[in-house]
Structure formats: C-alpha cells, structure tokens
Amino acid sequence: MPSPSPGSGASSPLRDARRSRFTYRQLAQLATYSTATPLRVVAHIDLDAFYAQCEMIRLGVPEDKPLAVQQWQGLIAVNYPARKWEIGRHCNITEAKKLCPELIAQHVATWREGDDKWAYRDDAAANIATDKVSLDPYRLQSRKILALVKDSLPKDLQKVEKASIDEVFLDLSAQVHSELLRRFPELSSPPPSGDVAESLPFPSAAALDWRNDNLVVLDEDQETLDPDWDDVVILLGSEIVRGVRAEIREKLGYTCSAGIANNKLVSKLGSAFKKPNAQTVVRSRAVLPFLTGIKVTKMRNLGGKLGDQVVSTFGTESVKELRDIPLDQIKAKLGDETAVWLYNTIRGIDLSEVNSRTQIKSMLSAKSFRPSIKTPEQGIKWLRIFAGDIYSRLVEEGILEHKRWPRTINLHHRHAGQTRSKSSSIPSGKPLDEQALFALAKELFYQIIAEGDVWPCANLSLSVSGFEEGVKGNMGIGAFFKKREETPPRRSIDTVPNESSIMEQQSKKPRVDKSSIQQFFHKRPAGDQGPLQVKEHLDANQPQPDDAKFSWLDQEGNDADKSSHGVIGLEDSAHLASLSCPRCKARFGDEISLQSHQDWHFAKDIQDSERVKPTFADQPATSRGHPPKGSGQASKRGRGGSKLEQGQSKLTFG
Ligand code: CTP
Ligand code: CA
Ligand code: CA
C-alpha cells in the first residue's frame, strides 16, 4: 500500500485535546470485521465495460477504438469510446453501425451443435439456431482478476466476495485497522480509563489527501468539520483500493471503477457513480447527501416490483422525500419487515457482511430453440453441450479435488407452453465427469420422451444442484466415497415445477413475514412454468442500474433461455408495445424471447431473495429488515466459470 504523502496524508501524531465520536471498542471491532462498528470500510470494484475490455485485450485493440460485443443481432457490452457515439446495450448491431461505422463488433464465442468446443466464429450471428453463447472467455478473465485482487491484499487480512462476473466486494476493515495502528501508534494504547466505551483521542491529521478520488461534495458546514476516524479509515481504504486497481491495470490491463464506504450498499452505489476508471469515496458524513441524488429504484433490491410499489404507494421516487415518511406509516403500507428494511436502506444503512464464502448452489445450462426442435437426436446434441458446459464449471468449483459435488441433476423440457421436469440423484461412489453427466441427462430425457406429446420442444435446460462439501482436512478419497454412499440415492423423481413447489423450497428457509415478502413472490409471469433451479446458479449480485438491460440473461449459458433474446430492429417497432416486459420495459423480437425473459425475472427474484437473506439474519433484532422478494433486478451474474488455463474448454463426447 502506498504511504501517505508527508504532512498531507492520514498521519502526523500531534495530540488533540478533543475526543473523537468513536470509541476504543468500535476501533477494536474493525479487526474482526464486525458489522457493528461505524468505522468499517467496504469497497466495491466493478470492471468497466467488462466483456468489451476482455475482447479489446484479447484482440489487442487500441484503447481509444470503439468496440462492442455482439450477441446475435444485439449488443451486450459497449466500451467507453463507443458510448461517445451514443451506442449502448439498447442498440442492435445495425443501429450501432449506423451511429458509428468504425465500430468494431465482436461476436461472443459460441458452442455449436455437434461441435466439441466453444470458439469465436465469424458466422455466429447468423447461427442462433445451432449456436449457444459461451461466456467462458469472460469467466476466465474474471477468475484471473479475482485471483490478482486476492494476491494484492495481505493473505491474513482480506475478505473478498465475488459479487458477479465483473465485480467484487472487499471488506477492508482488518487491513485498515492494522494500518491505522501502524500510522497512529497512539491508538495502540489501551483506553486510559480501562473502559472500551471511552472515546478515542481525536485524530491528529487536520487535512486528508484524497488524491484524485472522487469525493461526494458536501455543504460547507459539513465540510468544515475536522476529519474524525471514520474519515481517516476510509482514506486508508481508498489507498488500498487505488493500489488494487493499479495492480489490475498493470498486470492484466483492465480498468475498473470502485466505491469506498462503510457498507456494501453505499460502496456499490459509489462504484457506479463515476465511470470509467475512477474511484468514489462516500464518507459517512456524505452518505445522506449522496443518496439524496439517487432514485430509490436504483437502490439495491428496489429495482423491480418492490421499488415500483414503493413509488406508487408513496407517490415519489425521491429518496429524500421518502426519508420524510415516518416509519409507522411505511409499516402500515409495506409490513414491518419491509418497512424497516426500506427505512434503513434509504438512509444508507446496511449491516450485511462481505461474504468470502459465497458459493454456487446450482448450475444450469439451457437453450431455447427457434425454431423448436423436433427429434430426440437434436435434443441429445444439446444435452452433450450442456453436460460439457456444466462439467467445465464443476471443475472450476473443485470437483476434481472433491471439494464440492452436486447431488441432483434436473432436466426441464418445454413443449406447447408447458414445462416438464425430471430429476434424479447423482450416484455416489464413482467420479462424476461429463460422460456421466451426459448419460444421466439422456436418461432423464428419455423418461420425458416416453411420456409422449413432447414435440416440438421449445426449450431444454439441464441443471445440477444440492452441492455437498467434499473432503476436508486429511480425509482420504475413500472416506469421501464412503460418506457419500451412506446417503441412499434418490432416483428419477418427477418434478413439475409449479407455484407450490417453489413455495416449498422457500419454506425450508428461515421463516419470513409472509404478508410482506411472499406477496412479491407469488406473482409469476403468466403461463410461466420456468425452471426452478435457475434461481440458485444466478450470481451473487444485487446491482441497481440494470433492470432495463435485458441482454444480461442471454449471457451466461446458464439461464433459462439464452438464444432467443434477439434485440429487435427499428423495422420491428410496430410490435414493441405488445412485446415489452411489463417489469423492466425491455423489448423483444418475439414471444418466446419475452417469455424467456420473464422466466429470468422470476428466477432472479428467487435468487435475490435468497441472496440477501443472510444479510438480515446477521442484523440485530431491532434493525432486522428482510430482503424484499421479487425485486426483480437484472443483476450481473457470472457464476460458474471457465476451466482450462488456456481459456478453451474441450468437450469429449462419447
Ligand atoms: N451484461 C450483459 N447484459 C446486461 C448487463 C451486463 O450482458 N444487462 C454483461 C456485459 O457484457 C458486461 C458485464 O455483464 O460487460 C458486466 O455488466 P455491467 O457491469 O453492468 O456493465 P459493463 O459492460 O461492465 O459496463 P460498466 O462500465 O457500466 O460497468
Ligand atoms: Ca462493469
Ligand atoms: Ca457489474
């Protein structure tokens, strides 16, 4: 970490007779990542135009050249030079080229029916029927970046949470604590009274050097307050983040933006505040003014239905105006839990932990067919691809080292608006490889076919779930298999996902206030029988600004539907009204695309509700809110990941 510049940085040990607002206890809590201390320091780092940067680096495109990443006729990432031409993810390729004829459009890599590996193909855009998007190249880069972030932080003082394919949260509290004691040795002495509730001495640094950080501008009276320890710690955090970003830039070539604050909620809003290649510091004194400028629907978990409900109930999307509404009044409208959660959120209060142990709960590989497929042979070809796709992600999850192991495999099949689903246990006792996955998938497929009335098929999705932890400590491989064999395998359970099975899944979770939460949960898109497992493989990310960006769900090769989210051209605009998503207003070229998109909202709702839950469990009863369900944010995902270091996945089919 760089040292502060002499005289102007966060150091200089002159004692001040004043006392800090913070106590010895709150300082000590920093070392243990306690969410209770107001001195905690959390950063959020988000890569700029991530897929676009991946392509620029891969292709050696100069930084000032406009480039977009294409998927079929749509764009899924647009670099900053191209954004100057007003090209965005809302454009299709024809529109974008019209705006900027120089635009470099690189199609994402695809798997092709019958082929055994993904590749960048010149003719991919024209082959939506036979190709399936592969995000493996981006997952590989994501992994490298994550590894570098971890390497650039002290081993024993880091807490890093991968939040999506292109973002991480860092809890910098412990590292900052250690750095603080190094720079301000007076803080190492115990409280003179022996009472940890005693106030700390006032920091001796009169002015802090924020370098080129983006500081949220405050009223003069707030700015004239001398810096207290909360300002000093966030400055130290900001220095660390600057160092991490420089490492990423130097070693891997990527630019990213960051937000530094005292919790995840505000740090994430901070990283989005100024892009690209910038970092924004939101000191605790700046939190309220900072949030005042942000619409409530841009806040975490408020991008979907709940946000809409808040706006329509209280007649405003201004965070400032919502803050004027007394808690009781919010409770009367939204129920206690949601009300408390909202009340805290619009004040920038978020006690959720940075969770370095967030793990994938399931993985899904799917394809929507346009035109629909009509024969078992066609289906089998896709099952091969799915098995290879999932297996490569299992390898990344450590299946070869027996770290984690899925227990259940599930196949969904859609025909005539109806989804059928079969699942079975994954047999224990022998290695799970792509052949085994493929064989299991075929078995389920034949069971579905045997029921008849299955053609044409509009969508197939294969998923694995029910992950178990594998070998720990010195347990040998034999012990691992023995342990697994003790669990009798479940075979071939029919599971037609429906409302009730979803609620069943939920009911295994800690109970939450039905009246307030489940109301966001019940409303599935009409006719949707979307796959259940989708919920869990989606990524750990609750971003705000993406609701209107629908292309996201095409991206992963994980989703309920990949291929049919064609971005529609201008000539299609007559159909727009009927083919736009009622939740996020995204437009679609056909009904299948829209349906699949709605499946995705549904899955994401479930995922969001699961994701945020631990957050609230951690909170003291008085401030415990609940995760609003069904907030429906089109968040970034990117779980699973690429496999071989060479960046190429290879499927060996039998
Ligand atoms: N992505 C997508 N569709 C979305 C949102 C995101 O395909 N609706 C992909 C993009 O390709 C992107 C990556 O996920 O590169 C990360 O998304 P995000 O951080 O929202 O956008 P960026 O493209 O990285 O741009 P920014 O600089 O605004 O972060
Ligand atoms: Ca990004
Ligand atoms: Ca992101």
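In listed order, ligands and their atoms are each counted from 1.
Between Glu353 and Lys264, the shortest heavy-atom contact is O-NZ, 2.9 Å.
Residue contacts with ligand 1 leave out Tyr138, since none of its heavy atoms falls under 4.0 Å from the ligand. Judged by the shortest distance from any of its heavy atoms, Ala49 lies inside the 4.0 Å radius around the atoms of ligand 1. Heavy atoms of Asp46 come nearer than 4.0 angstrom to ligand 1 in at least one pair.
Distance check for Asp48 against the Ca ion (ligand 2): none of its N/O/S atoms falls below 3.0 Å. Here Leu47 reaches the Ca ion (ligand 2): one of its N/O/S atoms is less than 3.0 Å from the metal. The Ca ion (ligand 2) has Asp46 among its coordinating residues (N/O/S atom, backbone or side chain, under 3.0 Å).
Of the heavy atoms in Glu55, none comes closer than 4.0 Å to ligand 1. At a 4.0 Å heavy-atom cut-off, ligand 1 touches Ile76 through backbone and side chain alike. In Leu47, the part holding a heavy atom less than 4.0 Å from any atom of ligand 1 is the backbone.
By the 30° and 60° cut-offs, the orientation of the rings of Tyr120 relative to Trp118 is perpendicular.
For ligand 1, the polar-atom distance check finds no N/O of Ile165 at less than 3.5 Å from any of the ligand's N/O atoms. In terms of polar-atom proximity, Asp166 is counted as a contact of ligand 1, with an N or O under 3.5 Å from an N or O of the ligand.
Counting only heavy atoms from C-beta outward, the side chains of Leu75 and Tyr51 never approach each other to under 4.5 Å.
Of the listed residues (Arg245, Lys274, His44), just one forms a side chain to side chain donor-acceptor pair (under 3.5 Å) with Gln279, and that residue is Arg245. Of the candidates Lys144, Gln141, Gln53, Tyr254 forms a side chain to side chain donor-acceptor pair (under 3.5 Å) with just one, namely Gln141.
Under a cut-off of 6.0 angstrom, the local environment of CH2 in Trp85 is sparse, with at most 12 non-hydrogen atoms contributed by other residues, nucleotides or ligands. Taking a 6.0 Å sphere around NZ of Lys295, one finds it holds 12 or fewer heavy atoms contributed by other residues, nucleotides or ligands.
Here Tyr391 pairs with nothing under the ring-ring contact (aromatic ring centres under 6.0 Å, His included) rule; sequence neighbours left out.
The salt bridge (Lys or Arg N to Asp or Glu O under 4.0 Å) contacts involving residues 51-80 comprise Glu55-Arg58, Glu63-Arg249, where partners must be two or more places apart or lie in separate chains.
Vertex the Ca ion (ligand 3); arms to Asp166 atom OD1 and Glu167 atom OE1; angle 90° (nearest 10°).
Atoms of ligand 1 found under 4.0 Å from any heavy atom of Tyr80, numbered from 1 in the order shown, are 26 (P), 27 (O), 28 (O). Close contacts of ligand 1 with Phe50, meaning ligand atoms under 4.0 Å from a residue heavy atom, involve 15 (O), 22 (P), 23 (O), 24 (O).
In this structure, CH2 in Trp341 is found 4.0 Å from OG1 in Thr345, a value given to the nearest 0.5 Å.
Proximity annotation for atom 12 (C) of ligand 1: of Glu167, Lys275, Arg89, Arg89 comes nearest, heavy atoms only.
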